[in-house]
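Everything on this sheet refers to the single structure shown next.
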Amino acid sequence: MKTFSFALLVLAMPVLVVAQSVTHFDAGAKVFRLDGGNSSYVFGVNARGELQQLYWGGRLGATDSFPKAKPAMDWASFDDSYSNTPQEYAGWGAGLFVEPALKVTFADGNRDLVLHYESHTETANGFEVVLKDIKQPVYVTLHYAIDPESGILARSATIENRGTDAVTVEQAAAAAWALPAGHYTLNYLTGRWAGEWTLTQETVHPGARVLESRRGSTGHQANPWFAIQTGDADENHGDVWFGALGWSGSWRITVEQDQLDAVRVTGGFNPFDFGYVLKAVARLETPVFYGGYSAHGLGGASRLLHRYEIAHILPRTQKTAGQPEPELRPVIYNSWEATEFKVTEAGQVALAEKAAALGVDRFVMDDGWFGQRKDDRAGLGDWYVNQEKFPHGLKPLIDKVHALGMDFGLWVEPEMVNPDSDLYRKHPDWVLHFPGRPETEQRNQLVLNLARPDVRDYILGFLDKILTDNDIAFLKWDYNRNWSEPGWDQLPAAEQKRVYVDFTRNLYGILADLRKKHPNVEIESCSGGGGRVDLGILRYTDEVWPSDNTDPFDRLSQQDGFSYAYTPQVMMAWVTDSPHWLNKRTTSVSYRMLSSMQGSLGIGANIANWTPEEAATAKRLIAAYHQVQPTIVQGDLYRLISPRNGSEFSATQTVNHDKSQSVVFAFIHSTQMGRIFPTLKLKGLDPAAQYALTPIEGKARAGAPAAASGAWWMNHGLDFSDDFRGDFQAAAFRLDKR
Ligand code: GLA
């Protein structure tokens, strides 16, 4: 049986090409095959009844077929076939020593779980495959859906107890991915507050490398994304397998090289402190683990992910419903670094006037407008407008912002409470806590237990009211600490750990409900910078705040790291003041603007203090940005020179999908020995087309062509002016097809 699904793809030429995704089940061999984009994924039912991965990589010929899956050999009594066979979703039982996908304890103390194929159904772009324990009525449905265009496969599992006794799930992955024995490099993203998005690269060694968050949310310290490349792969060439987990609670991805050198990547809920009681007929849905393959290096991998995120992950507003791309992010002004908590109606109006004069589209008021909020010691939880700061409510400010031609956004931190708040005084039991134990504060705040239905209702209620009472286009949704003492004493002791699942599900539920009731509102996920960025939250939020670190030089490497996993469409980037508060570095407005223009641009400086020249530069560059924004944030990104590892230079290029426009950014850290910027060989252009070069900032070398073929720009390359030297220098160009 074959099912076909079709997607329209616009390729290099302005010709419509039909991309075909095929899912195929070979009933004789019991082999499942999914093809999409340039990749194929194949698994089968082996003689023992296990679901076994057979292939993941470049797309195979349509007529190629696989024989029936065969369990791996018993290498030794110590290295048995249960562990050596790359199972799609292994229960912990029989002779399994490698990372299990699922581990349970039954009511009678039995902990053996052996999952065998039971049945399957075919869906539009994939399969639902049902596994069952060899004795107990525990069923697992594995969901597979391949994207016809990118070949990215979305995998998840539903675990179901069809018995009468409760089963405790101690570990549940979304999926396990397998790679054949080989020499690999693992790429992953690490960091800390104000230092997120470091691309970390290391050889895959025997044993396990655990990437995780135990913090209750995604975390700054590691991000749920990985890419594994073969030894000779690089930015532009070679085999790369990559994946991203869509979960904003505690998560874990284990990259394991087994005793026979095969590699497995297992990811889902973090099993640390996990315990989800499945009562009779109850189900547990895992997050989705997305995986893909590229033959074009890390650059190819991120281009596929970016396209997938834009087409399939990011939400749409009512205005953009059904459209292939989400709306471009408005250029915002945010007052946080200018005023911190000292917001007033007059002060915000003054900033709004300045922002409008620069060409800003959206004015966002940050922290400080509500409750008794004078600093970070009080007010969180009390979501009424502060009467002293805004005696007539928010309306006069919002009306003024609208009159200036901008829309209005507001900062909220819904899941948090200061002990110094009316909410905490009224409902001290609403926070995550263990009764009788200390409640650890961070930034003077506690975490509301969003898993509780009453807390969920409270949060949804006040947010709905704010959006109903005011003409608000955008919420910046912040989350400024991690969990501690994650107790939920409303539930029986054995069930309290379900807080790890229910908290995050309720967060998603509130976001979904708000979007439904207010279908044009847009939301940013912020968590003290980039502490909650993942493909789970990005289903409900239009953009993210990558870091509280807005130093334009640091941002180059942070943005580089970010771009391995996430599209520049969601990457908010503000221009702030100089010298920068964090590194005390002094840079020009032009350098700061170009650093931020690589993502979705915003201004976060105290623009009241800008000189007329600085304001004029910003205004000119905002106008230039507006003209090329779709190419920058929704085009194909090529990281031409990495800013990492102390590089003197860095450069990026984006090309829109019909290859009619490209934008190039180039940065110098500090010129040494008079070295001039290297000739940049561009990528991804149509070799036969003619492209005109227009400077956005800076100049090309005297005598460089004003227009040339794509072949010329890609083979000969772009030469920069000999004057392009110094410390913290930046240049940008656009190329337009003639
Ligand atoms: C976090 C955010 C900042 C700002 C402050 C306000 O740190 O990341 O952008 O909104 O909170 O308290």
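Counting starts at 1 for both ligands and their atoms, in listed order. In what follows, every heavy atom counts, from backbone to side chain, and hydrogens, waters and symmetry copies are set aside.
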Show me the donor-acceptor pairs, under 3.5 Å and distance only, between side chains in residues 443-453 and residues at least two apart or in other chains.
| unit_1 | atom_1 | unit_2 | atom_2 | d |
| --- | --- | --- | --- | --- |
| N444 | ND2 | D376 | OD1 | 2.8 |
| Q445 | NE2 | E413 | OE2 | 2.8 |
| N449 | OD1 | A451 | N | 3.0 |
| R452 | NE | D454 | OD1 | 3.0 |
| R452 | NH1 | D429 | O | 3.3 |
| R452 | NH2 | D454 | OD2 | 2.8 |

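Taking the six-membered ring where the residue is Trp, F562 and Y566 present tilted rings, their angle falling between 30° and 60°.
Two rings, from W247 and F269, have their centers less than 6.0 Å apart.
K619 meets the salt bridge (Lys or Arg N to Asp or Glu O under 4.0 Å) test with no other residue; sequence neighbours excluded.
The backbone N or O of N549 lies less than 3.5 Å from no partner atom in the side chain of D554, so there is not a single donor-acceptor pair.
Around ligand 1, the residues contributing at least one heavy atom under 4.0 Å from the ligand are W336, D366, D367, W411, R443, K476, D478, N480, C526, G528, G529, W545, D548.
Among pairs with a residue in residues 384-395, those fulfilling side chain to side chain donor-acceptor pair (under 3.5 Å) read Q372-Y384, K395-D399, at least two apart in sequence or across chains.
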